[in-house]
Amino acid sequence: MNKDSLGPFIGKDEKLIPINDPSGKWSELYLLPEWEEEYYNVYTIKKFGKWVMLKALKPEYADKPEYQAMLQKEFDVRYNLCHPNIVMVNDLDEVPGVGLAIITDDVYGYSLRRLIDEKRLTPKIVHRLETQLLDAMQYIQENHVQHVPITPETIIFTEYNENLKLTNVGFDQKAALTEQDTRADINSYGKILDEVLDHLPANLPKLRRIAKKCESPDNSYRTVADLQLDMERRTSSQLYIVLCVFIVLMAFVLIWLTI
C-alpha cells in the first residue's frame, strides 16, 4: 500500500502494524506516535474498509484491571458527548493485535502542534481558536467532564476546511466541576493562544491581552463564558471599526459623485 494515500493524517513516524483478521473486519493498522498519550497508544485502521481511529492501552498496561477500568470509564464518559468540535466516540471493541480499544471517528488533518512547527498557521485557524475551541471548552464544562489539559497536541484541524476538533476530552464526569478545574482550562487556553501568537507574523495586542489574562492567577476569567464574552467584545469592536470606515468611504464616494 502507498502510505501517501492516507494523506496528512499519517505523520513521518507512523508504523504499519501487521494484523491478522480472517473476518476481514479490520485491516491496515498504523500506530501513530504523534498522538501517543501517557497510558494509551493511538492508531488508525480500516474497519470494513473505512478509516477510523483507535485508542488502546499500551502493552504494559493492557492486562491490568485498574487500567482496563480506566479505559472503560473514559468510553462511558465520552460516548454520550456530542459536539461538532469534539471527536466522536462510536464503540468499544476488541481489535486483533491491539486489544480492547475505543473506536472514534477518523480525524483527517493536522494537529495544532504540527501546524505551529511547520509554520502553517492561517487567519482561519486563529479564528477557530477564538470561537470553536471556546465552544468545545464550554460544552465540556457544562457537562462537568474532567480531562487532561488541552494542548496543541490534542487540537486537530481538518485538512479541507480547517475545522477544529478536540481529541482527548474526558476521563471522568462529576456532579459539578470545581473552580480549580475551570481555571485550569482557561489557563491552558491562554498558553495555547500565547504560543500561537508567538508564531504569527502580525502583532495582535488584544488577543495577547486576553491570553495573558487567561494565564494570570490573580486576574483570570472565572468561567469560559466570561472569556467568550470578552472575545466577542473584541470581535464586535473590530466589526464596528470596519463598518465606520466603510460608511466614511461611502460618504466620500457619494460626495464625489454629486460634484
Pair Y30 + Y43: ring centers closer than 6.0 Å = no
Is the closest side-chain donor-acceptor distance between [X] and [Y] under 3.5 Å?
X	Y	answer
Q72	Q68	no
D185	Q141	yes
D76	Q173	no
T151	E153	yes
N90	D105	yes
E215	S220	no
D218	S216	no

Closest approach of [X] to [Y] (non-hydrogen atoms, all atoms of both residues):
X	Y	value
N161	R128	O-NH2, 3.1 Å
A56	V98	CB-CG1, 3.2 Å
P96	N20	CB-O, 3.8 Å
L129	F157	CD2-CZ, 4.0 Å
F171	V148	CE2-N, 3.6 Å

[Y] backbone acceptor or donor facing [X] side chain under 3.5 Å:
X	Y	answer
T154	I150	no
K165	P84	yes
R183	Y221	yes
S23	K25	yes
N85	L164	yes
T182	L177	no
Y139	C82	yes
N143	I140	no
E28	K46	no

key: Hydrophobic cluster membership, L193 vs V224, 4.5 Å side-chain cutoff   = yes
[atom1]-[atom2] distance between [X] and [Y], expressed to the nearest 0.5 angstrom:
X	Y	atom1	atom2	result
D226	Q228	CG	CD	9.5 Å
D135	Q132	CG	CD	7.5 Å
S111	E118	OG	CD	8.5 Å
I192	L197	CD1	CG	12.0 Å

query = R209 and D230: salt bridge (Lys or Arg N to Asp or Glu O under 4.0 Å), yes or no, with the steps?
reply = CA-CA 11 Å; R209 175 188 64 79; D230 199 10; 3.4 Å; yes
query = Does R120 make a cation-pi contact with Y110 (under 6.0 Å, within 45 degrees of the axis)?
reply = yes
query = Can you list the residues that meet the side chain to side chain contact (heavy atoms under 4.5 Å, CB included) rule with E195, with sequence neighbours excluded?
reply = R113, I116, P152, H199
note = side-chain hydrogen bond (donor to acceptor under 3.5 Å, both in side chains) with K58: of E36, E37, E38, only one passes, and it is E36
